[in-house]
Amino acid sequence: MLSAMSEPRPPRIAIFDSGIGGLTVAAAIHATLPGANLRYLGDTARLPYGSKSAETVSRYALQASRALLGDDGADALVVACNTASSCALPALEAEFDLPVLGVIGPGARRAVASVAPGSLVGVIGTERTIASGAYGHAIAAIAPNLAVSACATPLLVALAEEGFFAGPLVDAALDAYLDPWLGGEPPAKLGALVLGCTHFPVLATAIAAWLSRRGMPNVALVDSAQAIAEELAMRFPAARTGRGAVELLATDGLDRFRRVGSRFFPLDNARLQLVDL
Ligand code: DGL
């Protein structure tokens with residue numbers, strides 16, 4: 001006799017970030033895999049991670065991921081934070097028996113796919129991400145013929161959190177960071193710019209306009225949030241449709257999390273709760 005077929009259960013995807021910006025990654029995953037159940041933890045009590053040492057970021061990432069996964073675990077742990085992805089993946093992989101996916105690999109693969117051989121790939125991110133050289137190593141491992149140049153742009157994080165996604169403040173910050181980095185002449189070989197920080201997808205339009213004004217309209221902007229969402233969709237194709245649940249945890253400041261987070265992800269119906277690490 002044939003037994004009744006049970007519906008496959010939706011994949012449970014745990015998403016960890018230093019705070020609120022990782023909601024851009026959650027938003028990309030939710031849009032691409034609406035059938036997945038998402039559980040997100042933002043370590044708002046201890047952000048920013050981007051100015052801290054690799055050892056501290058790894059310790060924080062382990063503590064936060066333990067709280068996020070709890071006893072129930074997940075089908076995958078996504079490290080949405082570029083900073084944590086750049087230095088904490090080995091510690092997380094050693095501790096947890098599940099796929100641990102950082103954003104650097106997907107971002108690097110997408111950057112390589114979007115440029116011609118011999119191009120220059122630019123990377124912007126936090127101080128820790130840039131100091132780690134993680135994007136450069138990941139790109140060199142798959143395309144040694146590409147040159148990579150990176151620039152720390154930490155002020156863009158604060159601007160995005162304040163809701164400045166475009167306008168004179170964003171332009172002034174881009175002038176201050178990118179002009180000295182790129183030099184007087186726009187580098188002809190710059191083929192792509194990796195948005196190597198959770199907050200930067202919301203600044204993409206302003207960054208593209210800035211590059212156009214500097215004579216670089218064809219530079220591809222690489223959104224690592226979208227890149228990891230698409231790689232997850234290959235792992236969990238059944239979740240491309242459906243309606244999964246979204247649960248949000250933060251380690252401090254739920255009011256601010258809801259207010260600022262709503263700029264990155266519609267939080268109206270999401271359950272939000274405080275956790276102590
Ligand atoms: N989430 C961090 C990242 O993507 C940015 C914020 C922070 O510095 O903690 O690198």
Requested in this report: Indicate if Val100 and Leu38 have the same hydrophobic cluster label, given that clusters are the connected sets of ILVMFWY residues with side-chain heavy-atom separations under 4.5 angstrom.
Outcome: no

Report summary line: Heavy atoms of Val157 and Cys197 approach each other most closely as CG2-SG, 3.7 Å

Report task. Give a yes or no answer on whether the side chain of Ser119 reaches the backbone of Ala116 with a donor-acceptor pair at less than 3.5 Å. Result -> yes

**Report entry** Minimum-distance pair of heavy atoms, taken over all atoms of Thr241 and Pro34
**Finding:** CA-CG, 4.2 Å

Query raised in the report: About how many Å separate CG of Leu190 and CG of Leu211, when rounded to the nearest 0.5 Å?
Result: 7.0 Å

Requested in this report: Ignoring hydrogens and angles, tell me if any N or O in the side chain of Ser224 forms a donor-acceptor pair with the backbone of Gly196 under 3.5 Å.
Outcome: no

Query raised in the report: Any side-chain heavy atom of Thr44 within less than 4.5 Å of one from Arg256?
Result: no

Query raised in the report: In terms of the angle between their ring planes, are His199 and Phe264 parallel, tilted or perpendicular, with boundaries placed at 30° and 60°?
Result: perpendicular

Query raised in the report: Would you say Leu156 and Leu174 make side-chain contact, with heavy atoms under 4.5 Å?
Result: yes

Query raised in the report: Side chain of Tyr177, backbone of Leu155: donor and acceptor closer than 3.5 Å?
Result: yes

Query raised in the report: If you take all heavy atoms of Ala111 and Val194, which pair is closest and at what distance?
Result: CB-CG2, 3.8 Å

Query raised in the report: Quick one: does Val246's side chain get under 4.5 Å of Leu267's, heavy atoms only?
Result: no

Query raised in the report: Would you say the side chain of Arg39 lies within less than 4.5 Å of the side chain of Leu68, judging by non-hydrogen atoms?
Result: yes

Report task. Evaluate the side-chain hydrogen bond (donor to acceptor under 3.5 Å, both in side chains) criterion for residues Asn82 and Tyr135: first the C-alpha distance (whole Å), next the side-chain angles of each, then the deciding distance (0.1 Å), finally the verdict. Result -> CA-CA 10 Å; Asn82 284 252; Tyr135 274 105; 2.6 Å; yes

Query - Heavy-atom pair of closest approach, residues Phe16 and Ala84 - result: CE2-CB, 3.9 Å

Report task. Look up atom CG in Asp252 and atom CG in Asp43, then write down how far apart they are to the nearest 0.5 Å. Result -> 9.5 Å

Query raised in the report: Any sub-3.5 Å donor-acceptor pair from Thr24's side-chain atoms to Thr198's backbone N or O?
Result: yes

Report summary line: Here the gap from Arg110 atom CZ to Leu195 atom CG, rounded to the nearest 0.5 Å, amounts to 10.5 Å

Query - Val123 vs Leu193 side-chain heavy atoms within contact, under 4.5 Å - result: no

Query raised in the report: Can any side-chain N or O of Asn37 pair as donor or acceptor with the backbone N or O of Ala245 at less than 3.5 Å?
Result: yes

Requested in this report: Write out all pairs satisfying ring pair (Phe, Tyr, Trp, His ring centres under 6.0 Å) with one or both partners inside residues 208-258, taking only residues at least two apart or from two chains.
Outcome: none

Query raised in the report: Yes or no on side-chain hydrogen bond (donor to acceptor under 3.5 Å, both in side chains) for Thr129 and Ser132, after CA distance, side-chain angles and deciding distance?
Result: CA-CA 5 Å; Thr129 300; Ser132 75; 5.7 Å; no

Query raised in the report: Got a second to check how far Ile13's CD1 is from Leu33's CG, nearest 0.5 Å?
Result: 5.5 Å

Query raised in the report: Taking all non-hydrogen atoms of both residues, which atom of Trp181 and which atom of Ser149 are closest, and how far apart?
Result: NE1-OG, 2.9 Å

Query raised in the report: From Leu221 CG over to Ser114 OG, what is the distance, rounded to the nearest 0.5 angstrom?
Result: 9.5 Å

Requested in this report: Evaluate the criterion side-chain contact (heavy atoms from CB on, under 4.5 Å) for residue pair Ile124 and Ile207; output intermediate values, then yes/no.
Outcome: CA-CA 11 Å; Ile124 54 174; Ile207 294 170; 4.1 Å; yes

Query - Candidate list Leu254, Ile15, Leu272, test side-chain contact (heavy atoms from CB on, under 4.5 Å), partner Leu248, passing option - result: Leu272

Query - Sidechain N-carboxylate O distance under 4.0 Å for Asp179, Arg214 - result: yes

Report task. Answer yes if Val260 and Leu274 sit in the same cluster of Ile, Leu, Val, Met, Phe, Trp and Tyr residues linked by side chain heavy atoms under 4.5 Å apart, and no otherwise. Result -> yes

Query raised in the report: Do Leu41 and Leu47 share a hydrophobic cluster (ILVMFWY, side-chain heavy atoms under 4.5 Å, transitive)?
Result: no

Query raised in the report: Is the shortest heavy-atom distance from the side chain of Val25 to the side chain of Asp17 under 4.5 Å?
Result: no

**Report entry** Donor-acceptor contact present, side-chain Ser65 to main-chain Leu62, <3.5 Å
**Finding:** no

**Report entry** Backbone N/O of Ala54 and side chain of Ser58: donor-acceptor pair under 3.5 Å
**Finding:** yes

Query raised in the report: Is the number of heavy atoms from other residues, nucleotides or ligands within 6.0 Å of CG (Asp255) greater than 12?
Result: no

Query raised in the report: Heavy-atom distance under 4.5 Å between the side chains of Leu249 and Tyr40, does that happen here?
Result: no

Query raised in the report: Is there side-chain contact between Gln226 and Pro201, with at least one heavy-atom pair below 4.5 Å?
Result: no

Query raised in the report: Hey, does the side chain of Lys52 reach the backbone of Arg46 with a donor-acceptor pair shorter than 3.5 angstrom?
Result: yes

**Report entry** Val222 versus Ala192, closest heavy-atom pair with distance
**Finding:** CG2-CB, 4.0 Å

Query raised in the report: Do we see a donor-acceptor contact under 3.5 Å between the side chains of Thr126 and Thr83?
Result: yes

**Report entry** Check: Ser85 side chain, Val103 main-chain N or O, donor-acceptor pair, under 3.5 Å
**Finding:** yes

Query raised in the report: From Leu23 CG over to His30 NE2, what is the distance, rounded to the nearest 0.5 angstrom?
Result: 11.5 Å

Query - Derivation of the salt bridge (Lys or Arg N to Asp or Glu O under 4.0 Å) call for Arg213 and Asp175 - result: CA-CA 11 Å; Arg213 286 198 298 279; Asp175 292 349; 5.8 Å; no

Query raised in the report: Would Val121 end up clustered with Ile104 when hydrophobic side chains under 4.5 Å apart are linked, directly or stepwise?
Result: yes

Query raised in the report: Under a 4.5 Å side-chain heavy-atom rule over Ile, Leu, Val, Met, Phe, Trp and Tyr, are Leu69 and Val78 clustered together?
Result: no

Requested in this report: Using the side-chain contact (heavy atoms from CB on, under 4.5 Å) rule, take Leu101 and Leu232 through it: C-alpha gap first, then chi angles, then the decisive distance, then the call.
Outcome: CA-CA 9 Å; Leu101 310 168; Leu232 276 170; 3.4 Å; yes

Query raised in the report: Would you call Glu161 and Arg263 a salt bridge, using N to O less than 4.0 angstrom?
Result: no

